[in-house]
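This report refers to the structure that appears directly beneath it.
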Amino acid sequence: MAKVGVLLLNLGGPERIQDVGPFLYNLFSDPEIIRLPNPALQKPLAWLISSLRASKSQEAYRSIGGGSPLRRITEQQARELQSALRLLGIEATSYVAMRYWHPFTESAVADIKADDVDEVVVLPLYPHFSISTSGSSFRELQRLRQADPVFAALPIRCIRSYHDDRGYIDAMAGLIAREIQACPDPDSAHVFFSAHGVPKSYVEEAGDPYQGEIETCARLIIEKLEATLGHSNSFTLAYQSRVGPVEWLKPYTDEALAELGRQGVKDLVVVPISFVSEHIETLEEIDIEYRKLAFESGITNFRRVPALDTNPAFIQGLARLVQQALDGPEVNLDQAAALPSTVKLYPQDKWAWGWNNSSEVWNGRLAMVGFSAFLVELISGSGPLHAIGLL
Ligand SMILES: C=CC1=C(C)c2cc3[nH]c(cc4nc(cc5[nH]c(cc1n2)c(C)c5CCC(=O)O)C(CCC(=O)O)=C4C)c(C)c3C=C
Ligand SMILES: [Fe+2]
Ligand SMILES: [Fe+2]
């Protein structure tokens, strides 16, 4: 029987307070997270942003016990999935590959090679594809495959996303239905989907399918809820966890909560939709920050639906996805990371006079260089602005 390696992809999280700075540096070093026109600026800017953000992030991780539970939960999911697959008669071993913290993707690949597996199924723990999450991990794996002929020779089947998969949708609807039924008047409970946001330009310029997949998923969950409960609940979809000054997908969760409060909504069932594990954004941002905001806005009953974690229906659904992938054709990493070909990835490099795409790009590049030099001078305390007395 073939030995199957199931490679679970996730983001990773700092396990101790002292890991927060280096974890943030790894995250912001990724061009799929901050898209800069000039790669030479990536590392200095990552250092700068991680240094500036570290204390705020550390405070958030302190409030949930001093570190992220993501590794522990992902490893539990991996063990349970492995058992479910073995019950289906598949000789599977699961491996965890985190993008920005331990266990890193390289170490998962080293384990796969050491175990002599015959083929690999790549399964992101992100049901919805985004350039910034599954896309980034697929590309990281592609780099490792290109550098390693032994890994490159292994047949690979990638699962790109499963936002509309029955197993996943039904597991989510099951958890949400329990919270709706616990409300004093289940018919009038308002279902509030809060998805992790991404910058709007990812969707509108780079063609990230993320927003479309989130919207489809929310609709399918609502349909399943109606079929299960026999009544329809009103719902909102909003986006949380915005970072930085650019515009992200809207509506923003905080603004949408305040609006529902103004409209007189009292019972709210909050669904963390893009996350399959508890982590900082559910335990701190939703449970502490948004709960407080909701109460201040007049919402009196704030029920947060738990993340799927090792929910048996969810794990069964993942096992079926792996089984289907094994029965289907090979899907390589390029196919899994592909975006629609008609979209603008980066504006053209060609120089042209006038107020056009090219001049906008060059203005942006010059502004970025100037801004970075300014920040470096601000931190180092010396440079041309100090020399002429402006700083
Ligand atoms: C669907 C899930 C996620 C998307 C999409 C996503 C995009 C994205 N995230 C940042 C910035 C940060 N993310 C951070 C942590 C973090 N993000 C996700 C998931 C998605 N991110 C997870 C699972 C985690 C780990 C949480 C944990 O428990 O440790 C952080 C660090 C935490 C903080 O300081 O807030 C940052 C920063 C961007 C910029 C982005 C899209 C471009
Ligand atoms: Fe994130
Ligand atoms: Fe956050």
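Indexing begins at 1, ligand by ligand and atom by atom, following the structure's order.
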Number the atoms of ligand 1 from 1 as they appear, then name those within less than 4.0 Å of a heavy atom of [X], with their elements.
X    : answer
G13  : 29 (O)
F23  : 31 (C)
V198 : 5 (C)
F28  : 37 (C)
G12  : 25 (C)
S274 : 1 (C)

**Message:** Under the salt bridge (Lys or Arg N to Asp or Glu O under 4.0 Å) definition, can you give me all pairs with a residue in residues 74-83, not counting sequence neighbours?
**Reply:** R71-E75
**Prompt:** Quick one: does NZ or CZ of R35 land under 6.0 Å from the six-membered ring centre of Y202, within 45 degrees of the ring axis?
**Reply:** yes
**Request:** Kindly indicate whether a cation-pi arrangement holds for R291 with F302, taking the cut-offs as under 6.0 Å to the six-membered ring centre and within 45° of the axis.
**Result:** no
Ligand 1-proximal atoms of [X], by part, heavy-atom distance under 4.0 Å:
X    : value
R53  : side chain
L11  : side chain
I34  : neither
I280 : both
P199 : side chain
W248 : side chain

Charged N to carboxylate O under 4.0 angstrom, [X] versus [Y]?
X    : Y    : answer
E215 : R219 : no
K113 : D148 : yes
E140 : R143 : yes

Is there a side-chain contact between [X] and [Y], using heavy atoms and a 4.5 Å cut-off?
X    : Y    : value
D267 : P184 : yes
S136 : I33  : no
H196 : T133 : no

**Heteroatom count (protein N, O or S) under 2.8 Å of the Fe ion (ligand 2)** = 1
**Message:** Does E59 have more than 12 heavy atoms from other residues, nucleotides or ligands lying within 6.0 Å of its CD?
**Reply:** no
Please say whether [X] places an N or O atom under 3.5 Å from an N or O atom belonging to ligand 1.
X    : result
S68  : yes
S57  : yes
Y61  : yes
H196 : yes

Under 4.0 Å, counting heavy atoms only: does [X] come that close to any atom of ligand 1?
X    : answer
P14  : yes
S241 : no
I64  : no
W101 : no

**Asked** So which of T253, D254, T282 actually passes side-chain hydrogen bond (donor to acceptor under 3.5 Å, both in side chains) with S194?
**Response** T253
**Message:** Go through it in stages, so that I can follow the logic: the residues are D19 and Y61, the test is side chain to side chain donor-acceptor pair (under 3.5 Å), and I'd like the CA-CA distance, side-chain angles, deciding distance and then a yes or no.
**Reply:** CA-CA 10 Å; D19 300 336; Y61 283 105; over 6 Å; no
**Asked** Which option, S132, S277, S201, S50, owns the non-hydrogen atom nearest atom 41 (C) of ligand 1?
**Response** S132
**Asked** What heavy-atom pair brings P272 and V305 nearest, and what distance separates the two atoms?
**Response** CD-O, 3.3 Å
**Prompt:** For E281, does its backbone N or O pair with a side-chain atom of Q240 as donor and acceptor, under 3.5 Å?
**Reply:** yes
**Request:** Assert yes or no for the condition that the ring centre distance of H128 to Y126 is strictly below 6.0 Å.
**Result:** no
**Prompt:** Between K292, R303, R304, which is the residue that forms a salt bridge (Lys or Arg N to Asp or Glu O under 4.0 Å) with D287?
**Reply:** R304
